[in-house]
Amino acid sequence: MLRTHTCGQLGEGQIGETVTLCGWVDTYRDHGGGLFVDLRDRYGLTQVVFNPPDTPAEVIEASKTLRAEFVLQVTGTVAARPEGMANAKMATGKIELRVTGYELLNKSLTPPVSPSGKEEVPGEDLRLKHRYLDLRRPEMQKVMMQRASIIKGMRDYFAERDFIDIETPVLGRSTPEGARDYLVPSRVHRGAFYALPQSPQLYKQILMVAGYDRYVQVARCFRDEDLRADRQPEFTQLDVEMSFVDQDDLLALIDGLVAKLAKEELGIDVPTPLPRMTYDEAMERFGHDAPDLRFGLELIDCTDLASEAEFRVFSAVAKSGGRVRGINAKQGTKHFSRRGIDGLTKYVAEYGARGLAWFRVEDDGKLNSTIAKNFTPELLEKFGERMDAEPGDLLLFVADQYEVTCKALYALRSKIGREMELYDPKTMNFSWIVEFPMFDYDDEAKCWHAMHHPFTAPLADHLEMLETDPGKCRAQAYDLVINGSEAGGGTIRIHDAEIQKKVFTLLGIDEKTATERFGFLLDALQYGAPPHGGIALGIDRWVMLFAKLDNIRDCIAFPKTQKASDLMTEAPGEVDTMQLKELHIKLDE
RNA sequence: GGCGCCGUAGCUCAAUUGGUUAGAGCACCGGACUGUCGAUCCGGAGGUUGCGGGUUCGAUUCCCGUCGGCGUCGCCA
């Protein structure tokens, strides 16, 4: 070992000891007669002092060439700092290392991204290009360590409960369900391609058939879709599958994990079982299947009242099967000026809303707006009652098809909640959304799609609806929601060939297609498949939420940019024509 | 693919309605200094204003295109 201690380790207990530290020059302070260096490693900072009489003159002389991010091995004596010189801001601030000699292990160019807190954090493109410097920043190291701790906490939790960690292939076959696949051309099989897994879904079900009744894996997954602040093309799931369990067993298992990690990582007690809400209720009350439950501002239906209004925008929508729903921004008139409301109107337009109807609640309790003349006073009063209107409130309505009111009002609710600071961003909220629809209808293709995946089991008492009313059929599917983010999701799977056949029929997948796409799973299910189900947790998002970060890149060591490139390695890159030839690939142009 | 924001010194930013030689802090280089801790003081160097085109007597500023970063819609079973 080149060192005896780390830079975060020394304290008054080691005073008088001769020690050797290794680390990077965080800052240096040259005083002519001597100099001070704050030496950094991932454990902390220690002040090392090159001063007479402890440090020989020639060592002091040499130390004057030290610069930021040089790598040093320093040996010296741990000493208490002189009277009044302790630094309360440093964990090691009561002591210092009086250097007797040092070895320059390496030099550094002037860093474009400064790992010390001395310069402001540069733009993200530079941070990604010089990721080795960015990752050297204590803030980033803290997140990486927290990520490791969360993953270890998960692994321990499942290991303690007899789960077996089994790896599944990264090179698999493409199944046209779901997201766009990343493809890998086969050299051996001309014209054939592997696909990188969107999740180990089919393998883990096969493992259940194989009798490994408790499976867990930290699995890398790939989806070739456009990126977002909380979405990367490759991401990590904590993948779990169990046999001989029902939905309650699965949820209780994850409840325990949430409680454990919330306690260990954040020091908070999360009561279990976590609250559960059905999908239908979430859509009705919040307009979204992953509502942020840290604040209210719920959606309130006024379709019945709207149908009575002279106001054509309301009545026409109400009478043609649409919905008129609103939210009450409590005391929002102070926060949103007329101009601010115009801004909100533009905002909901991005989500397909054709307009935003609004009322201010005046001091006398009456609703006032440019559109108020289209309503009788009696009707306005009814709206006020329904919306729980009080003086100072701002009522906002969207009239449109149900889906549009959901999207627009969900977005509006999130924006207003954030801007009016209706919740403390530090608080954590965990909950389950359950009973997702089995299918949604594709208007363009005029067919049903599996909402989760085609092996999802319907609720036991919804079996008949597979034939009578697929749109109402609900699934044994559940999502874990943390602070309005989908942090995990899973289902109980179909293990009955008859039900599976019905689902395929409904999805328009004939026997031939089913065999082509996932014949191996259907085969396996015929050889004694146990009842089984599972869940996958988005580890990157967990870390993002636990670390209070606002984007997922900051909790991934080497993330991709919005255009899915790696600025450090410059991946993806072009390849040699020879490589393409071997893969039987010709490019256009 | 659509919409929006951004791009000026190594880094973070500034620059009047479009007007002289594009500035500041930090970093860097040289010097001074025996206790600092974002050390301080003195001096210096550092620019294809992302790139290409246009408007103009004159463009960092206005317009078009393009590249890149971010956010978002579509997309993401």
Side-chain angles (χ1 to χ4, degrees), chain A residues 26-39 45-55 57 60 64 67-69 79 81-90 92-93 96 98 109-114 116-130 133 175-181 198-199 201-202 221-233 235 346-352 407-408 411 414-415 436-440 442 448-456 475 477 486 489 491 507 509 517 536 538 550-551 553 560-563 565 567 570:
Chain A
D26 191 70
T27 52
Y28 63 94
R29 297 176 287 281
D30 187 348
H31 282 256
L35 120 166
F36 299 85
V37 166
D38 290 337
L39 199 65
L45 284 174
T46 300
Q47 172 164 283
V48 300
V49 185
F50 299 74
N51 264 352
D54 307 83
T55 314
I60 294 176
K64 291 184 178 302
R67 291 295 178 271
E69 303 311 314
R81 293 203 188 181
E83 189 68 26
M85 295 296 167
N87 185 346
K89 283 185 275 185
M90 285 174 83
T92 60
E96 63 192 16
R98 304 230 168 119
L109 298 174
T110 300
V113 176
S114 173
S116 79
K118 202 165 182 178
E119 292 186 47
E120 288 175 74
V121 180
E124 193 164 357
D125 44 352
L126 262 183
R127 292 174 51 207
L128 292 172
K129 182 172 167 59
H130 303 278
L133 292 173
T175 56
E177 293 288 325
R180 195 176 293 115
D181 282 323
Q198 296 178 25
S199 78
Q201 184 60 43
L202 303 184
C221 305
F222 306 86
R223 293 177 192 177
D224 187 6
E225 297 292 348
D226 286 348
L227 286 75
R228 288 289 183 279
D230 63 352
R231 236 161 64 188
Q232 282 274 303
F235 59 100
K346 264 191 194 160
Y347 183 69
V348 294
E350 292 173 36
Y351 299 87
K407 278 183 186 172
S414 304
K415 184 184 173 71
F436 278 74
M438 281 287 287
F439 315 100
D440 56 358
D442 185 334
W448 293 100
H449 278 296
M451 193 129 164
H452 194 82
H453 65 70
F455 311 106
T456 302
E486 182 192 335
T491 67
L507 294 173
I509 302 173
R517 289 184 192 175
D550 56 11
N551 81 70
R553 296 179 299 280
K560 305 274 190 289
T561 67
Q562 197 175 63
K563 291 213 167 85
S565 48
L567 295 183
E570 296 184 319

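Chain letters run A, B, ... following the sequence lines, proteins first, then strands; residues in each count from 1.
- Between the side chains of Gln47(A) and Arg29(A), at least one donor-acceptor pair of N or O atoms lies under 3.5 Å.
- Residues Asp30(A) and Gln47(A) each lie close to RNA chain B; by heavy-atom proximity, the contact nearer the 5' end of the strand is made by Gln47(A).
- Remark: the Arg127(A) side chain and the C11(B) base include no donor-acceptor N/O pair separated by less than 3.5 Å.
- Contact check on Glu69(A) versus Arg67(A) returns no salt bridge, with no Lys/Arg side-chain nitrogen under 4.0 Å from an Asp/Glu carboxylate oxygen.
- Side-chain N/O atoms of His31(A) include none lying less than 4.0 angstrom from OP1 or OP2 on U34(B).
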I'd like to compare against my own output: the B/S/- annotation of nucleotides 22-31 of chain B with a strict under-4.0 Å heavy-atom distance to protein.
----BSSS--
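- Remark: Arg29(A) is not in phosphate contact with U36(B), judged by side-chain N or O atoms under 4.0 Å from OP1 or OP2.
- Nucleotides U21(B) and G53(B), compared at atom C1', are 27 Å apart to the nearest Å.
- Atom P of nucleotide C70(B) and atom NZ of Lys560(A) are separated by 13 Å, given to the nearest angstrom.
- Going from atom CZ of Phe36(A) over to atom P of A39(B) covers 11 Å, rounded to whole Å.
- G74(B) and A59(B): their C1' atoms are spaced 37 Å apart (whole Å).
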Per-nt protein contacts along nucleotides 71-77 of chain B (heavy atom under 4.0 Å; B base, S backbone sugar-phosphate only, - none) come out as BBBBBBB
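- Below the 3.5 angstrom threshold, one finds no donor paired with an acceptor across the side chain of Asp125(A) and the base of G68(B).
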Side chain to side chain donor-acceptor pair (under 3.5 Å), that's the test. Do Asp440(A) and His449(A) meet it? Break it down for me.
CA-CA 5 Å; Asp440(A) 56 358; His449(A) 278 296; 5.7 Å; no
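- For the P atoms, the distance linking G52(B) with C67(B) amounts to 15 Å, nearest Å.
- For the pair Glu570(A) CD and G68(B) P, the interatomic distance rounds to 12 Å; values are reported in whole Å.
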